[in-house]
Amino acid sequence: MGELLLQVKNLHTSFFTDAGEVRAVNGISFNLERGKVLGIVGESGSGKSVTAYSVLRILSEPGEITDGQILFKGEDIVKLGSKQMRTVRGGKISIIFQDPMTSLNPTFTIGNQLEEAIRLHTNRTKKEARDRAVEMLTLVGVNEPEKRIAQYPHELSGGMRQRVMIAMALACEPDILIADEPTTALDVTIQAQILELMQDLQKKLGMAIILITHDLGVIAGMCDEIIVMYAGSVCERGTADEIFYNPCHEYTKGLIRSIPSVVGKKDRLVPIAGSPIDLLNLPKGCAFASRCDKAMKICLDEKPEEIWINSLHIASCWMNVKEVYDEAAKEGGPKDE
Amino acid sequence: MYDPNTIPKKHLLSLQLDLKKFEPATEEEKRQTDQMRESTTFFRDGMRKLVKNPLAMASIVVLVLIIVTIFVAPLIVPYGYQDMITVDGKRDKTATNLAPFTYSELEQKAIESGESIFPHIFGTDELGRDYFIRTIYGTRVSLAVGLFASIIVLIIGLLYGSISGYTGGKTDIIMMRIVDIIYSLPDMLMVILLSVVLDAVLKNALTGTALAKIGTNMISLFIVFGLLYWVGMARLVRGQILTIKNNEYILAAKAIGAKPGRIIRKHVLPNCMSVIIISTALQIPSAIFTESFLSFVGLGVQAPMPSLGSLANAARGGLGSYPYKMIFPALMICLIVLAFNLLGDGLRDAFDPRLRR
Amino acid sequence: MWKYVLKRLLLAALTVFIIITITFFAMNAIPGGPFASEKAPSPDVKAVLEERYNLNKPLGEQYLLYLNDLLHGDFGVSLKTGRDISTTISDSFGISAKLGLMAVGVALVFGLIFGCIAALTRNKWPDRAIIFFTTLFVSVPSFVLATLLLLIFCLQLKWFSVWSTTSQNYFLPVLSLALYPMSYITRLTKTSMLDVMGQDYIRTAQAKGVSHFLVIAKHALRNALIPVITYVGPMTAYILTGSMVVETVFTIGGLGTKFVSSIANRDYTMIMATTIFLAVLMVLATLISDLLYKAVDPRIKFE
């Protein structure tokens, strides 16, 4: 077991809007060890990005962490003062965002933005910072780094901009890199390059990665552990093999079923019925119940607990409880009191 | 990876669970938990937001009240805007510059002898004309000028912008170049110039026509609005059209063979409508300001027809002695402009698609 | 980039040219020419006019000669006084320029500050107070405002002295002139700041650990300023026309007062010359703001 870098315990985050309290994250917990890659999968609105922003405490205006703890190397960073939090941001935990076009300030040069990150967290002089910036650009595979330093974001292609974002995030050698949909806004061929780059860098620099995406394909190759989120809660978690080959939560099963398969039989696409949940009015039972074709009465009434499937797999679905009961019934024993 | 001791699996079987609850849920039950927010159209959503805005609603009320007043007041108040006060058919020279709700000596004598004279709510001006009715007519003129000018801007800008935007290509480029040039001409100076010229040119040509009442200066104002002020609207409309033009439902409409005019009317315009309305609502106070500025430099509405600007300007001279003569028209201008501004702001908050959170 | 500058310069020159042409031909459309006023000018003035304006030549030639004169800084001669207009302009423009520039400065500085405050304290009391005042000031016509300020602070309370050539108190006039553009800039800055603060790159800056102050002062402000710069052109137009009002109300002997009286007097040559002069200033201001805009926003540097 590696060093436990991050422990998120029962995190709740809501947005207090004019229309009411939008409960974006409802009790998510996970751990992250040094050098590991954690993947968070879910559709839009599942709360994956909000979780990431909560960790770094960069939630936009009406958002607030309403409950839970986030322990970074044992210290609860939810309680940190703003000055200390700023040393964490970019220095210990970094994040790269989905759209590199809008994530870089259009009125400053690449060099300026990189050097700013470097000088915020290290004691380098201007010249040293510039050298480090060039070094980082080379590391992430940006060609002609000396020239790029003086250029503006709009002069670079999408893939290159994302590389710059990565360079900026890793310049101060953080312990954790959070990648929020890093490839969604890029062409498919560039996607592969960026993912490969991230894996490469991880081997070289040894940081832990939280990879957030809605794309199951992206997650499959890279992650040590995968968390499937729906409506702000964890449906299922486990290794890639377990999740893909032995999905236990109906939502996960639906997700995997809905991936069009290039090889094999040409079946009809099977989408998940219904539309995403309204986070203003969360039901008291399982959030997915109204869309689930295996829903039972208990699913509508009570939230399912997390159930241990095996040492590499946990799911939160009443169906799994039912299966346990059915097995017990088959074996003839009544339930213990 | 996961420690079974941390997850309560073994307690599962001891949970007091009602086995009946493991029966499948019916569609009915599922639907009950799935509360969907009622779908609304863009229009209804915006109207709801607008109604919740107290300032915007107040502005609408104020404007409606003003409009009602300017139509009703002349029916109630027995004075005309150019009538100098007469008592017993004779011009009352003492009835000049009366304070609000006072009577002249001659009028008081007439009241004592049994006549009933309608009070001068706002007093009288230096020529003995009832100031209230003049203010009312001034409001009429100012509002009419504002409205008319805005309509000119709307029509020309809308036509020009939609043709340019929809046609695209070389025509669009040329049309926009023209817009650029017109945009850089200084409007106020052109209005002044044109007014001065038209005043000399048309001086006698208009006597007897309806237009003589408002005068050549106002005609100049409308002409310049028609020549210069529409460019902002045209740019706005064109921008909207360009955004929408490439949307898929336009392509779909084209694919089924709809004619360009029809496409513009049925698909493109409704989407631009909100931006256009907001812009027009804010154009009216701007036109009223232009008119009052022109009155200030002596290029306003033809006397004796009053406009709020000309009344306020005329009141500057005797400001120390008769402050009310400035206050009433000035207040009215501010009220109208404020109301339109607040309404325009409210409309923008409610309907501008770019500002939706 | 230079291509862009050149393009702008040409457009500006074209605009000025059009203005001069319009002005010239408009003036000459007056029956009897610009020199036929109700009161015929005195014989001396008339003689000077005929000489200066080549009235005996055909219109087209007059036009070209007029253009030539303008290029040499000769704005002609006043219809009423016979005085050289360019002298009149240079005498009186100094004060107007001072007034105008001060107003621009006040409007920009305070407009930006208040706009930022409003954006950063959104929906709290500073924002509400700012919204209230700016909405108010944007709804009051300039001459009303100027007159009221004069009445209350100058004549009644006697806090400031009335303007004279010896006692030049700029405070009230600048205030009357600046309040409208200041309010407009405040609202513009607020909207722009709010828009910018919602952008992704602001979140990136926060995620890097940039302090709250620097996120606003460095990352946000630069982007928020861009729309404000485009307002400089229209603002100059407002200041120039507004100064006519303010100067007249406060009895300041600047170019604005001269222009207003020339309109009342139907001093056509003066009107013509001043119109052209002011128009050139406006075109210049627009040109400067266009170039500034491109300088600040690197996205457009390369057109």
Side-chain angles (χ1 to χ4, degrees), chain B residues 55 177 180-204 232 285 288-299 308-309 312-313 315-316 319-320 323 326-327 329-331 333-342 345 348 354-355 357, chain C residues 11-12 14-16 18-19 22-23 26-32 34 36-37 131 135-136 138-145 147-148 150-151 155-156 180 187 191 194-195 198 233 237-238 240-242 244-245 248-249 259-260 263-264 266 268 271-272 274-276 278-279 281-283 286-287:
Chain B
L55 288 174
R177 278 284 157 268
D180 281 342
I181 295 177
I182 296 181
Y183 194 74
S184 47
L185 292 176
D187 3 17
M188 199 53 97
L189 289 178
M190 293 290 115
V191 177
I192 294 176
L193 196 66
L194 198 63
S195 301
V196 169
V197 170
L198 271 187
D199 181 53
V201 170
L202 293 178
K203 215 191 323 235
N204 299 309
I288 296 181
F289 269 3
T290 308
E291 186 275 314
S292 64
F293 175 82
L294 287 176
S295 302
F296 179 83
V297 292
L299 291 171
L308 291 173
N313 189 41
R316 279 199 316 120
L319 197 57
M326 158 83 77
I327 293 179
L331 211 66
I333 296 181
C334 295
L335 207 61
I336 294 177
V337 170
L338 192 62
F340 272 111
N341 279 338
L342 288 174
D345 279 352
R348 197 194 296 129
R354 291 169 289 177
L355 290 185
R357 259 182 290 123
Chain C
L11 190 66
L14 180 66
T15 312
V16 171
I18 293 179
I19 292 171
I22 292 178
T23 314
M27 279 303 167
N28 279 287
I30 296 173
S37 52
I131 292 179
T135 314
L136 197 63
V138 152
S139 308
V140 181
S142 48
F143 68 89
V144 169
L145 190 63
T147 315
L148 283 176
L150 177 73
L151 186 69
L155 297 175
Q156 300 224 332
Y180 179 90
R187 297 173 73 167
T191 314
L194 286 176
D195 186 51
Y238 173 80
L240 286 173
T241 48
M244 298 178 204
V245 172
T248 310
V249 169
F259 189 53
V260 173
I263 294 175
R266 296 293 190 268
Y268 294 113
I271 297 177
M272 205 155 82
T274 321
T275 305
I276 293 175
L278 292 175
L281 285 177
M282 288 186 200
V283 171
T286 314
L287 181 66

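Remember, predicted model here, so these are calculated numbers, not experimental data.
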Exercise. Checking heavy atoms, do the side chain of B/I327, its backbone, both or neither come under 4.5 Å from chain C?
Worked result: neither
Problem set entry | Structural part of C/V245 lying under 4.5 Å from a heavy atom of chain B | both
Seminar exercise, completed: Those residues at least two apart in sequence (or on a different chain) that pass salt bridge (charged side-chain N to carboxylate O under 4.0 Å, His left out) with B/D345 are B/R348, C/R187
For this session: Count the heavy-atom pairs under 4.5 Å between each of C/L194, C/T248, C/L150, C/L148 and chain B, then report the option with the highest count.
Result: C/T248
Seminar exercise, completed: Bottom line for C/Y238: the part with an atom under 4.5 Å from chain B's heavy atoms is neither
Exercise. Which atoms of B/L55 come close to chain C, meaning under 4.5 Å heavy atom to heavy atom: side chain ones, backbone ones, both, or neither?
Worked result: neither
Exercise. Regarding C/T286 and B/S184, is there a side-chain donor-to-acceptor distance under 3.5 Å anywhere?
Worked result: no
Exercise. If you measure from OG1 on C/T147 to CE on B/M326, what distance do you get to the nearest 0.5 Å?
Worked result: 4.0 Å
Problem set entry | Contact origin within B/I192 toward chain C - heavy atom pairs under 4.5 Å | side chain
Seminar exercise, completed: Okay, B/L338 and chain C: the region with an atom under 4.5 Å from a heavy atom over there is both
Problem set entry | C/L278 portion near chain B, given a 4.5 angstrom heavy-atom threshold | both
For this session: To the nearest 0.5 angstrom, please state how far the CD1 atom of B/I336 sits from the OG atom of C/S139.
Result: 11.5 Å
Problem set entry | Heavy-atom proximity to chain B below 4.5 Å, by part of C/A26 | both
Exercise. Out of curiosity, B/L189 CG to C/I271 CD1, how far, rounded to the nearest 0.5 Å?
Worked result: 11.5 Å
For this session: Find the one option among C/T274, C/V249, C/L14 whose heavy-atom pairs under 4.5 Å with chain B are most numerous.
Result: C/V249
Exercise. So which heavy atom on B/P186 is nearest to which on C/I19, and how close?
Worked result: CD-CD1, 3.4 Å
Exercise. So which of C/L240, C/T241, C/V260 has the biggest tally of heavy-atom pairs under 4.5 Å with chain B?
Worked result: C/T241
Problem set entry | Residue C/V138 versus chain B: region with a heavy atom under 4.5 Å | both
Problem set entry | chain B contact via C/L287 - which portion, at a heavy-atom distance below 4.5 Å | neither
For this session: Please flag which part of C/T23 lies under 4.5 Å from any non-hydrogen atom of chain B: side chain, backbone, both or neither.
Result: both
Exercise. Roughly how far, to the nearest 0.5 Å, is the CG atom of B/L185 from the CD1 atom of C/I18?
Worked result: 6.0 Å
For this session: Assess whether side chain to side chain contact (heavy atoms under 4.5 Å, CB included) is satisfied between B/F296 and C/M244, documenting all intermediate values.
Result: CA-CA 10 Å; B/F296 179 83; C/M244 298 178 204; 5.8 Å; no
For this session: Output the option from B/S195, B/P285, B/S292 having the highest count of non-hydrogen pairs under 4.5 Å with chain C.
Result: B/S292
